[in-house]
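A short write-up of the structure that comes next.
Only a predicted model underlies this, so the values are computations on that prediction, with no experimental measurement involved.
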Amino acid sequence: MSTATKEMIDLMEILPESDQNLALELVRKLVLAWDPDFTKLTSAERKELDEAMEDPETVPHDAINWD
C-alpha cells in the first residue's frame with residue numbers, strides 16, 4: 001500500500017461517519033472516471049501479473065475451455 005493511500009485512510013478516519021461516506025462516494029466517482037470498465041491495472045497489479053506470467057505453472061487464459 002502506498003504512503004498516499006495510507007495517508008488518505010488516516011485522514012478519512014478522522015472525519016465523522018457521514019463525511020466518510022461522502023468521501024468514499026467521491027473516490028468511487030474518481031475511480032469510475034479513470035476506469036469505467038475496471039480494466040486498467042494499477043502498478044501493483046501489473047507487477048503481480050508480470051510475476052505470475054513468469055511462473056511456469058500459470059495457465060494462460062486462452063488455454064482454458066470456458067464452455
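Rounding to the nearest 0.5 Å places CD1 of Ile14 at 12.0 Å from CG of Asp19. Going from atom CG of Asp10 over to atom OG1 of Thr3 covers 10.5 Å, rounded to the nearest 0.5 Å. Rounded to the nearest 0.5 angstrom, Ile9 CD1 and Gln20 CD are separated by 11.0 Å. With rounding to the nearest 0.5 Å, the separation of CE in Met12 from CG in Leu24 is 5.5 Å.
Asp50 and Arg46 are joined by a salt bridge, as a carboxylate oxygen and a charged side-chain nitrogen come within less than 4.0 angstrom of each other.
Here the closest heavy-atom approach between residue Asn65 and residue Asp67 is recorded as OD1-N, 3.0 Å. What you find for Leu41 and Trp34 is that their closest heavy atoms are O-CH2, 4.4 Å. Shown here for Lys40 and Glu45, the closest heavy-atom pair between the two residues is O-OE1, 3.9 Å. The two atoms that bring Pro60 and Thr58 nearest to each other are CD-O, 3.6 Å, heavy atoms only.
Shown here is Lys47, whose NZ atom has no more than 12 heavy atoms of other residues, nucleotides or ligands within 6.0 Å. Enclosure of atom CD in Glu17 is not indicated, since only 12 or fewer non-hydrogen atoms of other residues, nucleotides or ligands lie within 6.0 angstrom.
Residues Met8 and Val27 form a side-chain contact, since some pair of their non-hydrogen atoms from C-beta on lies under 4.5 Å apart. Side-chain contact check for Asn21 versus Glu25: every heavy-atom pair is 4.5 Å or farther apart.
The closest donor-acceptor contact from the side chain of Asp37 to the backbone of Thr39 lies at 3.5 Å or more, if one exists at all.
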